[in-house]
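Counting starts at 1 for both ligands and their atoms, following the listed order.
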Amino acid sequence: VTPKCTWALGKSQSESPHQNLPRHEPKVGSSIMSTVLEMVGNTPLVRLDKIAKMEGLECELLAKCEFFNAGGSVKDRIGHRMIEEAERDGILKPGDTVIEPTSGNTGVGLALVAAVKGYKCIICIPEKMSNEKISVLKALGAEVIRTPTEAAFDTPESHVGVSWKLKNEIPNSHILDQYRNPGNPLAHYDGTAEEIIAQCGGKLDMIIAGAGTGGTVAGIGRKIKEKLPKVKVVGVDPEGSILAYPDELNVPGEGTAYQVEGIGYDFIPTVFDRSVVDEWYKSGDQETFDYARKLIRVEGLLAGGSSGSALSVAVKAARSLKAGQKCVVILPDSIRNYLTKFVDDRWMQYNGFMDPSSKPSWWDVPV
Ligand code: PMP
């Protein structure tokens, strides 16, 4: 399938077919927030100088730390946006139920907004996803339904299939549908991308993001292509997934059993305009977890597994950049989701990702 450019890149923002919402400005200093939802967006951009030096990169390596969002991930942005748009459009009314198929973080984002605003929430999530995510969802009052990881998205038993069945059975229930809802990429087009451009002072050379629904990379990529057309947009897709392009990158026969959560899919979501991605890299689980652990140990950034995938690609892709150029890597979620997974040595050893007899070379970091 050749990705179709659904929007002529390079056109001015005012000509965009999308509804552009102004960026939510950060609250300053000691002002009181009316709810925790004001803590969605406006995340920090942090230098990764030590990793850049260790990897021999000349450019500035910068991390957009999405784990500082209220619910702990980049997907809080879309949970917030999709619910508020559904309210504004008169779709979602007090007492209604929100149902969503998700790999977890969108579920947490929606459940958080639902808890604050008083909606019921049902989350359908594949078995593979961490128990930490399930505990958070339940603590937020969501009902959680786990579905077989191996079920293809278009089967009745998959997280997508079960969600639609429930929607047909439960009165006043809605699937906001991150795979098709324009609010998903638009949360990044209007928010994340504008923040990055402002934080970089309008000068940026490369942006690297993993893809699940593709909303993050497509939304950020589209805005950046419009405002700064020379920036290279790099997509990250796990081995075993089919999102990368050209299709030959997705070597057939490797199966779909990758352990990293939140990135990769067995179909191309409607929201995912792959034409904004200039180059794709595949990421493997070993390098993913090694780099996630390295990021935590070396830079003190308490990020999740897919952040490791993005960083493992950044240290390769940013090699082409020179001193003074900037590469931004998106860190989508937090260590919180993986305390019993890649953060735990026993899990790493059990899954063959870590040799119990030796420490990684970067463990004793030079100051
Ligand atoms: N990393 C993690 C941990 C995620 O949960 C997600 C969302 N599925 C992503 C990356 C990718 O985000 P997107 O769906 O916007 O492509």
key: ring pair (Phe, Tyr, Trp, His ring centres under 6.0 Å) evaluation trace for Y179 with F267   = CA-CA 10 Å; Y179 306 102; F267 69 105; 5.5 Å; yes
task = Could you list the atoms of ligand 1 found under 4.0 angstrom from a heavy atom of D333?
result = 3 (C)
task = Within a distance under 4.0 Å of any heavy atom of A211, pick out the atoms of ligand 1 and give their elements.
result = 16 (O)
ask   = How about Q178 and V271: do any of their side-chain heavy atoms sit closer than 4.5 Å?
value = no
inquiry  = In terms of relative ring orientation, are W280 and F272 parallel, tilted or perpendicular, with 30° and 60° separating the classes?
reply    = perpendicular
request  = Could you list the atoms of ligand 1 found under 4.0 angstrom from a heavy atom of G214?
outcome  = 13 (P), 14 (O), 16 (O)
inquiry  = Side chains of V74 and H188, heavy atoms from C-beta outward: is any pair under 4.5 Å?
reply    = yes
ask   = Would a 4.5 Å heavy-atom cut-off, applied to side chains only, mark Y119 and H174 as touching?
value = no
message = Taking E194 first and then K227, would you say they form a salt bridge - that is, a charged N and a carboxylate O separated by under 4.0 Å?
response = yes
query = Tell me, which protein residue and heavy-atom name are nearest atom 8 (N) of ligand 1, and how many Å apart are they?
reply = G262 O, 2.8 Å
ask   = In the protein, which heavy atom is nearest to atom 16 (O) of ligand 1, and how far is it?
value = G212 N, 2.6 Å
query = N/O of Q178 under 3.5 Å from N/O of ligand 1, yes or no?
reply = no
note = the protein heavy atom lying closest to atom 2 (C) of ligand 1 turns out to be S306 OG, 3.4 Å
query = Non-hydrogen atoms of F67 versus ligand 1: any pair closer than 4.0 Å?
reply = no
request  = Decide, yes or no, whether a salt bridge links R293 with D345 under the criterion of side-chain N to carboxylate O below 4.0 Å.
outcome  = yes
ask   = Looking only at side chains, do N250 and K282 share a donor and an acceptor under 3.5 Å apart?
value = yes
query = Which of these passes ring pair (Phe, Tyr, Trp, His ring centres under 6.0 Å) with F289: F342, Y338, Y258?
reply = F342
query = Within less than 4.0 angstrom of ligand 1, does S103 place any heavy atom?
reply = yes
key: Close-contact set for ligand 1 against Y338 heavy atoms, below 4.0 Å   = 3 (C)
query = In the protein, which heavy atom is nearest to atom 5 (O) of ligand 1, and how far is it?
reply = N105 ND2, 2.8 Å
inquiry  = Taking 4.0 angstrom as the limit and counting only heavy atoms of E261, give me the atoms of ligand 1 inside it, by number and element.
reply    = 2 (C), 3 (C)
remark   = For P332, the ligand 1 atoms with a heavy-atom partner under 4.0 Å come out as 1 (N), 2 (C), 10 (C)
inquiry  = Under a 4.0 angstrom heavy-atom cut-off, which atoms of ligand 1 come close to T213?
reply    = 13 (P), 14 (O), 15 (O), 16 (O)
ask   = Relative to ligand 1, is I263 under 4.0 angstrom through side chain, backbone, both or neither, heavy atoms considered?
value = side chain
task = Could you tell me the residue and atom name of the protein heavy atom closest to atom 12 (O) of ligand 1, and the distance to it rounded to 0.1 Å?
result = T216 OG1, 3.5 Å
key: ILVMFWY cluster, I51 and L321 together (side-chain gap under 4.5 Å)   = no
query = How does H188 reach ligand 1, by side chain, by backbone, by both or by neither, if only non-hydrogen atoms under 4.0 Å count?
reply = neither
inquiry  = Quick check on G304 - does any of its heavy atoms sit under 4.0 Å from an atom of ligand 1?
reply    = no
inquiry  = Any non-hydrogen side-chain atom of E239 less than 4.5 Å from a side-chain atom of V251?
reply    = no
task = Would you mind telling me if ligand 1 is within reach of the side chain of Y265, the backbone, both or neither, using heavy atoms under 4.0 Å?
result = neither
task = Classify the side-chain pair T288/S309 by whether it contains a donor and acceptor separated by less than 3.5 Å.
result = yes
inquiry  = Closer than 4.0 Å to some heavy atom of K75 - which atoms of ligand 1 meet that?
reply    = 7 (C), 12 (O), 13 (P), 14 (O), 15 (O)
